[in-house]
Participant: 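Just passing along the structure, written as structure tokens.
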Amino acid sequence: MSNEAVQTEQRRANLAAIQALGVEIYPHEFATTHTVSALVDTYDETPGEALEATRVETVTAGRILGVRSFGKAAFLVLSDGRQRLQVYLRKDALEARDYDLLRLLDMGDWVGVRGHLFRTKTNELSVWVSGLTFLSKCLVPLPEKWHGLSDVETRYRQRYLDLVVNPDTRRVFEVRSRTVAAIRTFLTSRGFLEVETPMMQPIAGGALARPFVTHHNALDMTLFLRIAPELYLKRLTVGGMERVFEINRNFRNEGISTQHNPEFTMLEFYWAYVNYQTLMAFTEDLLSTVAREAIGTDEFPFGEHTITMRAPFRRLSLREAAAAEASRKLGQTITAAMLRDRDAAAGVAAALGIEVHAGSGAGRIATEIFEALWEDQLMQPTFVYDFPTEVSPLSKQRADDPDTVERFELYIGGFEVANAFSELNDPDEQRRRFEHQLQGRAHGDLEAHAMDEDYIRALEYGLPPTGGEGIGIDRLVMLLSNSLSIRDVILFPLMRPRD
RNA sequence: GGGCCGGUAGCUCAGUGGUAGAGCACGUGACUUUUAAUCAUGUGGUCGAGGGUUCGAUCCCCUCCCGGCCCA
């Protein structure tokens, strides 16, 4: 029999013995007066004399993560998933049945204790236990107490084990929760209305990506998991919701990497009457505020870097930055104007060893040159602005330059965190953009945007001048929690089944 | 999809073409202030899966599975 099976059998025998004591082995509730965290947070600095003087009585509970057992006494370490607290049990302070129960406990079991706070000889805050309650059994041995669980595959597949033994994992998801809460507060306090729009859409629009496909049986209808909520949120702006946002999941049927999970969480917000310049300033304010509220500072480590999330962020014009870096790399003068010419841009890309698709125009080539040359240099917050119209089918053109749209992407930590633009609200121009996308689709571009007649119809009712932005929540949390893989900020990242 | 790396006890990891190792965990005994408790002692293995080479494979070769990192 395997070691694990032996240990499970022993634990089951202990459970049976506990039941034989007349103890309820799966009780329905346990009324605590404090969580372990509350006790630690409140009394961690309180001296032993003060604890004796006030005699703090408590009832608390947690999972046993440490056992130091003596002949007629024991220390248990209880965890509430966030903090750990030592409790002290001794035979002469317990009723006989509680002492019998103590001897049948295993690492990982859930228990409740009643007692008062004190400090041990070594000055550790502890509970002097006068009553012990069994709450639930751990039938399987836990990972090792000192090294914890480091096998990343097991950490992702059995996240609960990661959470039990690795306190840092819990902290990452606390940062995530505070990040989302801070964003909600920031937006709602500025008059934005939170909404929910369809996750299943008849046309997967609002971004350039391959969708997941599903089917509705009763309506006998193909549906796509959304790749973005954008077109629905703008319909709401047509309807008069002048400030609106959604925080929810998007799904993209593409590769998995340290920065991509097939489902990921996005904030999108739309703000009537403003343009992308206003959004840049707003984004600086939003992100620095969220950082301070989520982690207490707007300057934080990310890998080997220290990121300063404080206004003003650096600003780079896409074609100018691409041209400047290409000039430096190639040792010859490349101008932004050259990147507007298809043949010249393709020549620059070829010289740089960047592959160009046959269907790509100058705008797409310029964008690919920029990404290839700059992406991993964009550690500090940087707005990359003025994208080519060709790669931006939903953005509004600059009044003075129809080949360029009022759009920016925000890069931090070497990857894209936000994407924003002045929204295209001319329905006729939108139709032309969709038609151009359809040409790309006809040439095999699986990410080209589909025609959406219903959306154009909504635009025909009139979308006011509007600025809109999407912010990748997972990537923002990666930055704020110093996590180098998106899988470390998603509780249950997609994994292939093991069998 | 390509390249590189990994998969050995519940966990963290060594290791070798010839009986499979350590620490933690677990069992037993001792111990009423320890904290990676200690001391003594013992149990525990589909060496990711399949095939091949070999007298003999966890080790060498091939295929596959799972994961990580990088690239596209």
Side-chain angles (χ1 to χ4, degrees), chain A residues 1-14 17 40 48 51-52 64-79 83-94 98-99 102-109 115 117-130 138-162 164-167 210 254-261 303 349 352-357 368 371-372 375-376 414-415 446-447 483-488 493-499:
Chain A
M1 188 156 39
S2 74
N3 184 275
E4 184 182 10
V6 168
Q7 293 197 39
T8 296
E9 194 166 85
Q10 289 160 355
R11 284 161 179 261
R12 284 189 179 279
N14 284 342
V40 173
L51 291 175
E52 278 185 33
I64 300 170
L65 289 188
V67 178
R68 294 182 286 277
S69 172
F70 298 83
K72 297 184 178 65
F75 294 92
L76 304 180
V77 178
L78 296 191
S79 165
Q83 297 275 20
R84 296 178 181 188
L85 177 66
Q86 174 172 275
V87 304
Y88 179 54
L89 304 97
R90 44 189 290 160
K91 187 175 187 179
D92 58 14
L94 294 170
D98 287 357
Y99 183 70
L102 169 63
R103 310 198 52 155
L104 294 168
L105 293 177
D106 289 300
M107 190 88 81
D109 289 356
L117 295 180
F118 76 111
R119 283 188 183 273
T120 63
K121 280 179 186 171
T122 52
N123 204 37
E124 171 141 351
L125 180 68
S126 307
V127 178
W128 185 284
V129 176
S130 53
C138 178
L139 291 169
V140 188
L142 288 177
E144 200 225 1
K145 63 184 177 185
W146 184 242
H147 297 93
L149 179 66
S150 60
D151 179 75
V152 289
E153 186 174 351
T154 309
R155 287 184 48 226
Y156 298 150
R157 287 187 192 278
Q158 293 177 272
R159 183 66 87 181
Y160 49 91
L161 287 182
D162 188 27
V164 167
V165 301
N166 294 334
R210 295 183 67 180
E254 295 168 354
I256 295 174
S257 78
T258 49
Q259 285 152 37
H260 299 83
N261 194 64
L352 290 163
I354 298 166
E355 197 178 332
V356 168
H357 293 94
E368 282 170 5
E371 287 175 358
E375 206 152 34
D376 57 357
F415 48 78
L446 297 168
E447 296 186 357
S483 302
L484 299 182
S485 169
I486 198 170
R487 296 182 139 195
D488 291 324
L494 184 67
M495 303 284 281
R496 229 184 260 273
R498 203 194 289 263
D499 294 317

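Per chain, numbering begins at 1; letters A, B, ... match sequence-line order.
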Participant: With a 3.5 Å limit on both atom pairs, tell me what B/G1 is paired to, counting Watson-Crick and G-U wobble, or say none.
Facilitator: B/C71
Participant: Only pairs with both distances under 3.5 Å count, Watson-Crick or wobble alike; so what is the partner of B/U16 in this structure?
Facilitator: none
Participant: Measure the distance from CD on A/E144 to P on B/G10 and round it to the nearest whole Å.
Facilitator: 14 Å
Participant: Should A/F75 be counted as stacked on B/U34, where stacking needs a ring-centre gap under 5.5 Å and an angle between planes under 30 degrees?
Facilitator: yes
Participant: If you check every side-chain atom of A/P143, which of B/C11, B/U43, B/A36 has the closest atom?
Facilitator: B/C11
Participant: For the side chain of A/D109 and the backbone of A/C138, is there at least one donor-acceptor N/O pair under 3.5 Å apart?
Facilitator: yes
Participant: Kindly point out which of B/U32, B/G10, B/U34 is positioned nearest to the side chain of A/E4?
Facilitator: B/G10
Participant: Could you work out the separation of B/G52 and B/A20 based on their P atoms and round it to a whole Å?
Facilitator: 22 Å
Participant: Do the side chain of A/N166 and the main chain of A/L149 share a donor and acceptor less than 3.5 angstrom apart?
Facilitator: yes
Participant: Would you say B/U33 has OP1 or OP2 under 4.0 Å from some side-chain N or O of A/R68?
Facilitator: no
Participant: Reading RNA chain B from 5' onward, which residue's closest nucleotide shows up sooner: A/M495 or A/T154?
Facilitator: A/T154
Participant: Are any non-hydrogen side-chain atoms of A/W128 and A/R90 less than 4.5 angstrom apart?
Facilitator: yes
Participant: Using the C1' atom on both, measure B/U58 against B/G6 and round to a whole Å.
Facilitator: 15 Å
Participant: Please give, in whole Å, the distance from B/G10 C1' to A/D106 CG?
Facilitator: 13 Å
Participant: Rounded to the Å, how far apart are A/E355 CD and B/G1 P?
Facilitator: 18 Å
Participant: In whole angstrom, what separates A/L76's CG from B/A37's P?
Facilitator: 12 Å
Participant: Can you find an N or O donor on one side and an acceptor on the other, under 3.5 Å apart, linking the side chain of A/E124 with the base of B/U34?
Facilitator: no
Participant: Taking A/S257 for its side chain and A/Q259 for its backbone only, find out whether a donor-acceptor pair lies under 3.5 Å.
Facilitator: yes
Participant: Partner lookup for B/U33, please. Criteria are Watson-Crick or G-U wobble with both distances under 3.5 angstrom; report none if nothing qualifies.
Facilitator: none
Participant: On the nucleotide B/U34, are OP1 or OP2 found under 4.0 Å from the side-chain N or O atoms that A/K121 carries?
Facilitator: no
Participant: Quick one: on RNA chain B, does A/Q10 or A/F118 contact a more 5' nucleotide (nearest heavy atom)?
Facilitator: A/Q10
Participant: If you measure from the P atom in B/C39 to the same atom in B/A25, how many Å do you get, rounded?
Facilitator: 12 Å
Participant: Base, sugar-phosphate or nothing for A/R157? Non-hydrogen atoms, less than 4.0 Å.
Facilitator: sugar-phosphate
Participant: For B/C13 and B/C70, measure between their C1' atoms and round to the nearest Å.
Facilitator: 25 Å
Participant: How far, in whole Å, is B/G27 from B/C64 if one measures between their P atoms?
Facilitator: 44 Å
Participant: Mind checking who B/G44 pairs with, Watson-Crick or G-U wobble, both distances under 3.5 Å?
Facilitator: none
Participant: Let me know the distance between CG of A/L446 and P of B/A72, rounded to the nearest Å.
Facilitator: 20 Å
Participant: Base, sugar-phosphate, or nothing: which does A/G148 touch, judged by heavy atoms less than 4.0 Å apart?
Facilitator: sugar-phosphate
Participant: Which whole number of Å gives the distance between the C1' atom of B/C62 and that of B/U54?
Facilitator: 16 Å
Participant: Expressed in angstrom and rounded to an integer, what is the separation of A/L494 atom CG from B/C66 atom C1'?
Facilitator: 14 Å
Participant: Count the heavy atoms belonging to other residues, nucleotides or ligands that lie under 6.0 Å from CD of A/E52, then report whether that count exceeds 12.
Facilitator: no
Participant: I'd like the P distance from B/A72 over to B/G67, given in whole Å.
Facilitator: 22 Å
Participant: Going by purine N1 to pyrimidine N3 plus the second Watson-Crick contact, or the G-U wobble pair, all under 3.5 Å, which nucleotide sits opposite B/G56?
Facilitator: none
Participant: Whole Å only: how far is the CG atom of A/D98 from the P atom of B/U32?
Facilitator: 19 Å
Participant: With both distances under 3.5 Å as the test, what is the Watson-Crick or G-U wobble partner of B/G6?
Facilitator: B/C66
Participant: Categorize A/Y99 for me: base, sugar-phosphate, or nothing, with a 4.0 angstrom heavy-atom threshold over every strand shown.
Facilitator: nothing
Participant: Out of B/G10, B/U33, B/A37, which nucleotide sits closest to the side chain of A/K145?
Facilitator: B/A37
Participant: At less than 4.0 Å, is any side-chain N or O atom of A/S150 found next to OP1 or OP2 of B/U12? Yes or no.
Facilitator: yes
Participant: B/A9, B/G67, B/C11: which one has an atom nearest the side-chain heavy atoms of A/N3?
Facilitator: B/A9
Participant: How are the rings of A/F118 and A/Y88 set to each other: parallel, tilted or perpendicular (split at 30° and 60°)?
Facilitator: tilted
Participant: Taking the C1' atom in each of B/C60 and B/C47, what is the distance between them to the nearest angstrom?
Facilitator: 16 Å
Participant: Does B/U32 have OP1 or OP2 under 4.0 Å away from a side-chain N or O of A/S69?
Facilitator: no
Participant: Looking at every strand, decide which applies to A/D151 at a 4.0 Å heavy-atom threshold: base, sugar-phosphate, or nothing.
Facilitator: sugar-phosphate
Participant: Can you tell whether the side chains of A/R155 and A/D488 come within less than 4.0 Å, N to carboxylate O?
Facilitator: yes
Participant: Pick out which of A/M107, A/R68, A/K145 makes a side-chain contact (heavy atoms from CB on, under 4.5 Å) with A/V77.
Facilitator: A/R68
Participant: Can you tell me the distance, in whole Å, between the CE atom of A/M107 and the C1' atom of B/G10?
Facilitator: 12 Å
Participant: For B/C11, give its Watson-Crick or G-U wobble partner with both distances under 3.5 Å, or none.
Facilitator: B/G23
